[in-house]
Amino acid sequence: MAVDKPVIAIVVPCYNEQDALPVSVPRMLEILDVMGADGLISPESYVLCCNDGSRDATWQVIADLHAADARVKGISLAHNRGHQKVLLAGLMTVRDKCDAAISIDADLQDDPHAIIEMVKLFREGDEIVYGVRSSRATDTWFKRTSAHAFYSLQRRMGVETVFDHADYRLMSNRALDLLSEYGEGNLFLRGIIPHIGLKTGVVTYERAERVAGESKYPLSKMLSFSVDGITSFSAKPMRMIFTVGMVLLLLDLAVAVWVLIAYFRGATIHGWASLMLSVWFLGSLILIGLGVIGEYVGKIYIEVKHRPRYAVAEKIW
């Protein structure tokens, strides 16, 4: 699906990024200028900043950037809906206004120069191009270990994701049309997009420090994100509960045989410690099982209501 001089939309989800946007958006415009001068893209290409109900002056900064350069567009959600939903809102806004969209965070930790290689692969026929980190040498030991555990756990749970890829990617307008058909309210784009199944490519890059502001993904959010990803795409946790239950049933039968033998031999031992440990152990397993099942039931409850995933309050175009 090669396109000569495609219209490219750079989609930037923003939450409290008033300090980062004045630095990152001009950098992205420079990338568009370079590609335009090289004849890679159309001069109608643009940057769309998507405000996720920020509490600071992010929306005013977007308006000021638009006044300085009309290639900067903006949408603002009525409420804070989270990174995945504001990103989807941006992608759905541009899907009929571009040949391909590239999503990148406002903090510029993802190298914007990789956009040039993504566009080249798109012109050669790739409809989804993933930005993948070449290494995690700049991460702390904890960040590197937890990230690898995150991807490994998802794979073991049957979730198809791209290792060391976040939400830095290019998608053709055909890929965006197919993405629009996925109607779930519990969004995990890193798992949904590999399911689309079009021709894909990969561009590697080195991850840098944030240009400004603070990380929006502390450990608690990363854990919640991982749980959402697993429970949205895999039923393995419930199968694991069933497996554990069967193993405990076999152990229970074995213990029952031992108790009966000891009873008829008159060698019964009244042990408080072993009884209490067993009760606490089984009680913990039951609560864990109920929690996992509750996670799935909660997702079903949200999905069957079919509420809108986001509401766009304002646009700057």
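What you see is a predicted model, and the numbers here were worked out from it, not measured in a lab.
Side chain of H66 to backbone of K73: no donor-acceptor contact under 3.5 angstrom is found.
Side chains of D110 and Y205: a donor-acceptor N/O pair is present below 3.5 angstrom, by distance only. Using a 3.5 Å distance cut-off with no hydrogens or angles, the side chains of E314 and S76 do not pair a donor with an acceptor. Of the N and O atoms on the side chains of S54 and N51, at least one donor lies less than 3.5 Å from an acceptor on the other residue. Side-chain N/O atoms of E17 and T58 include no donor and acceptor closer than 3.5 Å. With no hydrogens or angles considered, no side-chain donor-acceptor pair links D105 and Q109 at under 3.5 Å.
Annotation: the span from M171 atom CE to I196 atom CD1 amounts to 4.0 Å, rounded to 0.5 Å. Expressed to the nearest 0.5 Å, how far CG of D167 lies from CZ of R169 amounts to 4.5 Å. Once rounded to the nearest 0.5 Å, the distance linking CG of D33 with CE of M28 reads 13.5 Å. To the nearest 0.5 Å, atoms CG (D96) and CG (L176) are separated by 10.0 Å. Going from atom CD of Q18 over to atom CG of D64 covers 11.5 Å, rounded to the nearest 0.5 Å. Separating the CE atom in M92 from the NZ atom in K85 is a distance of 14.5 Å, to the nearest 0.5 Å.
In this structure, Y310 and H79 have side chains that are not in contact, with every pair of non-hydrogen atoms separated by 4.5 Å or more. Side-chain contact check for N80 versus Y15: some heavy-atom pair is nearer than 4.5 Å. Side-chain atoms of M118 and Y168, non-hydrogen and from C-beta on, do get closer than 4.5 Å to each other. With contacts defined as side-chain heavy-atom distances shorter than 4.5 Å, the pair I10/L48 does not qualify. Here the side chains of Y130 and P194 are in contact, with some heavy-atom distance below 4.5 Å. Between L65 and D69, every side-chain heavy-atom pair lies at or beyond the 4.5 Å cut-off. You'll find the side chain of V11 reaches within 4.5 Å of the side chain of C50, heavy atoms only. In this structure, I8 and I102 have side chains that are in contact, with non-hydrogen atoms separated by less than 4.5 Å.
Ion pairing between a basic and an acidic side chain is recognised when a charged N comes within 4.0 Å of a carboxylate O; R81 and D52 show no such pairing. A salt bridge links E117 to K120: at least one charged side-chain nitrogen sits closer than 4.0 Å to a carboxylate oxygen.
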Chi angles and distances behind the salt bridge (Lys or Arg N to Asp or Glu O under 4.0 Å) call for D111, R207:
CA-CA 6 Å; D111 184 5; R207 192 168 171 86; over 6 Å; no
Where do C49 and V25 land on the side-chain contact (heavy atoms from CB on, under 4.5 Å) test, with the steps shown first?
CA-CA 9 Å; C49 298; V25 170; 3.9 Å; yes
Apply side-chain contact (heavy atoms from CB on, under 4.5 Å) to I41 and V7, showing your working.
CA-CA 6 Å; I41 63 172; V7 175; over 6 Å; no
Please report the C-alpha distance between I31 and V34 in whole Å, then the side-chain angles of each, then the deciding distance to 0.1 Å, and finally whether the side-chain contact (heavy atoms from CB on, under 4.5 Å) criterion is met.
CA-CA 5 Å; I31 298 295; V34 170; 5.7 Å; no
Evaluate Y182 against L187 for side-chain contact (heavy atoms from CB on, under 4.5 Å), listing each step before the verdict.
CA-CA 9 Å; Y182 288 78; L187 283 175; over 6 Å; no
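Considering every non-hydrogen atom in both I62 and V72, the closest pair reads O-CG1, 4.4 Å. Taking both residues in full, the closest heavy atoms of P6 and F122 are given as CB-CE2, 3.6 Å, listed atom of the first, atom of the second, then distance. S172 and L170 get closest at one heavy-atom pair: N-CD2, 4.2 Å. Across every non-hydrogen atom of M35 and V119, the tightest pair is SD-CG2, 3.7 Å. Taking all atoms of both residues into account, the shortest heavy-atom contact from S180 to R95 is OG-NH1, 3.6 Å. Across all non-hydrogen atoms, the minimal contact from R190 to Q84 is N-OE1, 4.3 Å.
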